Amino acid sequence: MGFAISVGNKMPRRLLTAFIAALILLPAPGMAQDIAAGEAVFKKCAACHAVGEGAKNRVGPVLNGVIGRPAGKVEGFKYSSAMADSGLVWDEATLANYLKSPKDLVPKTKMAFAGLKEDADILNLVAYLKQFADDGTKVVAP
Ligand code: HEC
């Protein structure tokens with residue numbers, strides 16, 4: 001009785017919060033990522049970001065091939081020094097964290113976007129973005 005609560009009290013709150021966030025953001029086995037739903041979510045990004053063949057930098061950098069790419073490396077885009085020096089790599093978990101709350105992960109980012117509330121939206125959006133190779137062609141997901 002009360003075991004979970006007493007463990008929680010001994011754990012630093014920040015650590016506990018990070019731990020819970022990681023649990024929430026990990027795709028549960030069998031939780032399908034939905035590319036079509038992700039494309040709809042991307043409408044929120046499309047004001048500033050382009051993907052696909054011939055995509056150009058806009059207010060934000062081109063997002064082709066973003067998964068696995070180090071942050072701040074799109075040629076011709078002028079990043080904030082916060083992003084350029086973040087040392088982040090956009091693996092799926094890091095990208096999901098960023099999209100949940102951009103300013104928590106990169107406090108002085110110039111990306112003016114509050115974040116996506118729904119974890120399902122984030123997972124679907126990541127699945128959508130994952131399709132695009134560096135040159136904007138669609139790679140078939142493994
Ligand atoms: C209001 C414009 C705006 C919106 C909306 C926006 N972004 Fe951004 N985004 C930016 C800007 C500007 C940057 C560059 C940030 C910096 O340099 O600090 C950026 C950076 C990024 C990066 C880092 C790219 C890199 O090359 O390191 C990712 C990933 C990203 N945005 C994804 C998204 C996604 C996905 C959405 C939709 C959920 C979104 N953004 C919505 C403007 C926006």
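For ligands, and for the atoms within them, numbers begin at 1 and follow the listed sequence. The model shown is predicted, which means the values in this text are computed figures rather than measured ones. FYI, side chains are in, hydrogens and waters are out, and symmetry mates aren't considered; it's all heavy atoms of this structure. We number each residue from 1, following the sequence as shown.
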inquiry  = In this structure, would Val41 and Phe113 fall into the same cluster of hydrophobic residues linked by side-chain contacts under 4.5 Å?
reply    = yes
ask   = For Asp104, which residues count as a side-chain hydrogen bond (donor to acceptor under 3.5 Å, both in side chains) partner, sequence neighbours excluded?
value = Ser101
ask   = At their closest point, which heavy atom of Asn57 faces which heavy atom of Val62, and how far apart are they?
value = OD1-N, 2.8 Å
Pocket residues of ligand 1, ordered first by chain and then by residue number (heavy-atom cut-off under 4.0 Å) = Lys44, Cys45, Cys48, His49, Val59, Gly60, Pro61, Leu63, Val66, Arg69, Ala71, Gly72, Val74, Phe77, Tyr79, Ser80, Met83, Trp90, Leu95, Tyr98, Leu99, Thr109, Lys110, Met111, Ala112, Phe113, Leu116, Leu125
ask   = Should Met111 and Met83 count as side-chain neighbours, where that means a heavy-atom distance under 4.5 Å?
value = no
task = Report, as yes or no, whether the 6.0 Å neighbourhood of atom NZ on Lys110 holds more than 12 heavy atoms from other residues, nucleotides or ligands.
result = yes
key: Identified side chain to side chain contact (heavy atoms under 4.5 Å, CB included) counterpart of Lys100 within the set Leu116, Leu105, Asp119   = Asp119
